[in-house]
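Just so it is clear: chains get the letters A, B, ... in the order the sequence lines come, proteins before strands, and each one is counted from 1. These numbers were taken from a predicted model, which means no experiment stands behind them.
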Protein chains: 2
Amino acid sequence: MLNKTRGRPRGNPDTKARIAEVARELFLEHGYRGTTVRAIAAAAGVDSALISYHFGSKQGLFGQSLNLLCVQPGALDQALQGDQAGLADRLLTAVTALWDATAPTENRMALQDDDTMRAFRGYLESELLGRIAEFLGGPDATERATAAVGVLGGLIFTRYLNPIRPIAALPPAEVRRIFGPALRAALHARPRPR
Amino acid sequence: MLNKTRGRPRGNPDTKARIAEVARELFLEHGYRGTTVRAIAAAAGVDSALISYHFGSKQGLFGQSLNLLCVQPGALDQALQGDQAGLADRLLTAVTALWDATAPTENRMALQDDDTMRAFRGYLESELLGRIAEFLGGPDATERATAAVGVLGGLIFTRYLNPIRPIAALPPAEVRRIFGPALRAALHARPRPR
DNA sequence: GCGCAATATTCAACGGTGCTGAATAAAACC
DNA sequence: GGTTTTATTCAGCACCGTTGAATATTGCGC
């Protein structure tokens, strides 16, 4: 079908890497469902069976070609220093700086894959929530951190993962202005009335 | 293949409704991708071509059968009546009541594929955001509604779609208490300082 | 160097997918 | 009662992801 002569090719072209690279672009542009294995193979100038061979499955290729997610630990450390008053703004800045940088243009990926979701959940749950609670300290720290993670997770979800247009379109400064009050309220909520 | 004799059947069985009903169950149980048109047709005792005929496409069937419970006519309407002071609590109640009811226990809807995401996005974007902005009225209404949708979307995401444990575990009253301040802040943010 | 296992590739095919077009039979209309 | 409209089945199309066999190249043991 492609008639590049069967069998192993000459030299050692790193076809696997090329496939992953091409696949990443296509996945970002068309999403998971909208990208067929055959299209990836064609774009990489290769037979579609190769991707099953190298990556096991389309799912495997997807996971592997998008491993560049989502933590970048330094940004969070930086946000979790300084006064509590500016915490909300620093967190929002960290989030937008990090995510706005990862995807090149307009079309943020619709990230629906199971494993990716699991990874993201784990990050929110253990890393983010724990760190924020630790930083806040005092009684109710966990509860306030929970609310804050809810707000931040919401921002990430509605702006990047499943971008609803009005939110995705905001410039970072507007994000801070609009989500700031909610996040501050979450972080510094009064303790439970009794 | 099913040999129920060709052509229109006797009586007027509301096959379309039955298909939608069966489809809803299957979609909720197995997600969009995991539910094939042929499976729906088989479960409804009908030829698979019928669903293209009645609903245009699998996507159409999905949208139609999910509308039956995502919108749940009136839940939102009810929240969008009364004083503005109680709005946040009413919205949070509506969300928890609606979503807590849809899936019984652990197996929350397997929402993680991009068609479902798209449907959900559409709901958030056109329905929810528009209605809230309309209710708020005045300048900045859209911006405040945007922030509110961000918070609500975050709640839905972190509690139902990709449940991170501490948030999913909250009883509804706690959800109101924890997310209330953030949502109120979003809804009633002061206008832009100048 | 040579032989041979491991590896990388193409090709053909399989079962499954959503969907369409033709055939057909009941209902609805006039 | 004849004709149009509607609801259904059936056969099949083009595509999907994946697999197994064939084949050519590399790289290692000796």
CD of B:E21 to CG of B:L26, rounded to nearest 0.5 Å, is 11.0 Å
Check: Going by heavy atoms in the side chains, are B:D89 and B:R184 under 4.5 Å from each other?
Finding: yes
Taken to the nearest 0.5 Å, the spacing of A:T36 OG1 from A:H30 NE2 works out to 10.0 Å
Hey, what are the protein-to-nucleotides 28-30 of chain C N/O distances that come in under 3.5 Å?
residue	atom	partner	partner atom	Å
C:dA28	OP1	B:N12	ND2	3.0

Hits for side-chain contact (heavy atoms from CB on, under 4.5 Å) against A:P166, two or more places apart or cross-chain, chain-then-number order -> A:I164, B:E125, B:L129, B:T146
To the nearest angstrom, the CG-C1' distance between A:D14 and C:dA8 comes to 12 Å
With five pairs defining each end axis, the helix from C:dG1-D:dC30 to C:dC30-D:dG1 comes out bent, to 10°, by 10°
Under the salt bridge (charged side-chain N to carboxylate O under 4.0 Å, His left out) rule, what do B:R177 and B:E174 come out as? Steps first, then yes or no, please. CA-CA 5 Å; B:R177 190 172 70 76; B:E174 286 295 288; 3.0 Å; yes
From CZ of A:F27 across to C1' of D:dG17 the rounded distance in Å is 12 Å
Between CD1 of B:I19 and P of D:dA7 the distance, given in whole Å, is 11 Å
Smallest heavy-atom separation, A:T158 atom then B:G153 atom, equals CG2-CA, 4.3 Å
inquiry  = Taking any heavy-atom pair under 4.0 Å as a contact, classify A:K4: base, sugar-phosphate, or nothing.
reply    = sugar-phosphate
By nearest-nucleotide position on DNA chain D, the 5'-leaning member of A:G7 and B:T5 is B:T5
inquiry  = Before you tell me yes or no, could you show the steps for B:T93 and B:V175 under side chain to side chain contact (heavy atoms under 4.5 Å, CB included), namely the whole-Å CA-CA distance, both residues' side-chain angles and the distance that decides it to 0.1 Å?
reply    = CA-CA 9 Å; B:T93 302; B:V175 170; over 6 Å; no
Shortest non-hydrogen pair, A:K58 vs A:T35, comes out as NZ-O, 2.8 Å
Find every protein N or O atom lying less than 3.5 Å from an N or O atom of nucleotides 19-22 of chain C, and list the pairs.
residue	atom	partner	partner atom	Å
C:dC19	OP2	B:K58	N	2.7

| Under 4.0 Å: is that the gap between some side-chain N or O of A:H54 and OP1 or OP2 of C:dT7? | no
Walking DNA chain C from its 5' end, the first of A:V46 and B:R10 to be reached, judged by nearest nucleotide, is A:V46
Regarding the side chain of A:T36, the nearest nucleotide among D:dT8, D:dC16, C:dT9 is D:dC16
Rounded to whole Å, CZ of A:F55 lies from C1' of D:dT19 at a distance of 18 Å
In short, salt bridge (charged side-chain N to carboxylate O under 4.0 Å, His left out) pairs touching residues 90-99 of chain B with sequence neighbours left out are B:D83-B:R90
Salt bridge (Lys or Arg N to Asp or Glu O under 4.0 Å) filter on B:R6, not counting sequence neighbours, yields none
Distance col, row A:L50:CG vs A:F55:CZ, nearest 0.5 angstrom, shows 9.0 Å
A:L50 atom CG is separated from D:dA22 atom C1', nearest whole Å, by 14 Å
